[in-house]
2 protein chains.
Amino acid sequence: MKSWFHLNPHSGIPMYLQLKEQIKTAVAGGALHPGDRLPPVRELALTLTVNPNTVARAYSELEREGILSAEQGRGTFVSGGEPLLREEERRVQVQSLIDKVLVEAFNLRITGDQLQAIWEERLRAWEKRLQR
Amino acid sequence: MKSWFHLNPHSGIPMYLQLKEQIKTAVAGGALHPGDRLPPVRELALTLTVNPNTVARAYSELEREGILSAEQGRGTFVSGGEPLLREEERRVQVQSLIDKVLVEAFNLRITGDQLQAIWEERLRAWEKRLQR
DNA sequence: GAAATTGTATCAAAACATTAATACAATTGG
DNA sequence: CCAATTGTATTAATGTTTTGATACAATTTC
């Protein structure tokens, strides 16, 4: 449980977004489990040499998204339970993300077959990391 | 070839991005074909009640991406020919988009099976629109 | 060749987003 | 109960992006 995250102040991507992304990836990939406690905002801010507000923003946006759960005085944790949105809404979100991928892919002149192959490859890669 | 695009100034998404997105979708979906001419920047700017620079920005970014092709004095056209990036690079781009979808999906607690079903459904939906 | 049409370039203004400084509030631990 | 720990809220400073005004350049049309 050491130096998980690292931020690049010059990447052009806001640091709070970099952190959000890394936390989401860690959760999806099984490096963080429901109930795990994240470092306090000030502590993580120190190790990342970043303003505490930057960490706080990442945490609180992830809480709004139902991925973390914060309790004042106690800490911030990976949340396990029920999704915030109902099935239908989550489905729609994923659909629209996938539609974006399809538009991009076709504009990149990727064929349906190539696309399908990449999809299967990536899905397999993630399934491995998920079945812990 | 009428009122294709419409922009919402209050959506929170910059208008030049909305326009880019709509053009990309039209191209991917077969509403616009290689060689088709787009309206002149000033004309489209009028119909969308937007500054000409806004349209020009969308056009020129899409040109950089190899989707449109502009010629001063003549107009702007949907480009048909070879992709700008080589196979490998395009593959990587699509891969990373798909990885983002997977992370989002798993954080939304969508199961692999559900995800696979949505993928197949959307791919079929687009394939229909593409085989013209 | 001149006027019209079209995309391009430059620069500034306005809007927006990110980061920072600081203070507040709830919980825990002794 | 008091100090320490932790997340939250407010506000300002800074930085970045988007939009707009205007002028320029290439091509077409007559």
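Because the structure is predicted, anything quoted here is derived from the model rather than measured. Every chain is numbered from 1 and lettered A, B, ... according to where its sequence line falls, protein lines coming before strand lines.
- Distance A:L62 CG to D:dT8 P: 12 Å, rounded to the nearest Å.
- Per the geometry, CG belonging to A:N53 stands 15 Å off P belonging to D:dA12, to the nearest Å.
- Side-chain nitrogen and oxygen atoms of A:R74 include none within less than 4.0 Å of the OP1 or OP2 phosphate oxygen of D:dT5.
- Electrostatic pairing of A:R109 and B:E82 does not count as a salt bridge here, judged by no charged N lying under 4.0 Å from a carboxylate O.
- Between the B:Q22 side chain and the B:H6 main chain, a donor and an acceptor come within less than 3.5 Å of each other.
- Taking atom CG of residue A:L44 and atom P of nucleotide D:dT5, one finds them 17 Å apart after rounding to whole Å.
- Residue A:L38 forms a side chain to side chain contact (heavy atoms under 4.5 Å, CB included) with just one option from A:L44, A:L62, A:L32, and that option is A:L32.
- Between B:W126 and A:F106, the two ring planes are tilted [angle within 30° to 60°].
- Note on B:E43: nothing from the nucleic acid sits closer than 4.0 angstrom, heavy atoms only.
- Under the side chain to side chain contact (heavy atoms under 4.5 Å, CB included) test applied with B:M15, the options B:V50, B:N8, B:N51 reduce to a single match, B:V50.
- Between A:N51 and A:E71, the one whose closest nucleotide on DNA chain C sits nearer the 5' end is A:N51.
- At distances below 3.5 Å, at least one donor-acceptor pair connects side-chain atoms of B:R90 with backbone N or O atoms of A:L108.
- Distance B:F77 CZ to D:dT27 P: 13 Å, rounded to the nearest Å.
- For A:G73 and A:R57, each mapped to the nucleotide of DNA chain C holding its nearest heavy atom, the one lying further toward the 5' end belongs to A:R57.
- Looking at A:N107 and A:E104, their side chains never come closer than 4.5 Å, going by heavy atoms from C-beta outward.
- Residues from residues 7-17 of chain B placing a heavy atom under 4.0 Å of any atom in DNA chain D, listed by number, are B:P14, B:M15, B:Y16.
- Put simply, the side chain of B:E63 gets close to the backbone of B:A70: a donor and an acceptor are under 3.5 Å apart.
- Regarding A:Q72, its CD atom lies at a distance of 14 Å from the C1' atom of D:dA4, rounded to whole Å.
- Counting 5' to 3', DNA chain C first comes under 4.0 angstrom of a heavy atom of chain B and last does so at the ends given by C:dT6 to C:dA9.
- Other residues sharing the hydrophobic cluster of B:L85, ordered by chain and number and joined by side-chain separations under 4.5 Å: B:L84.
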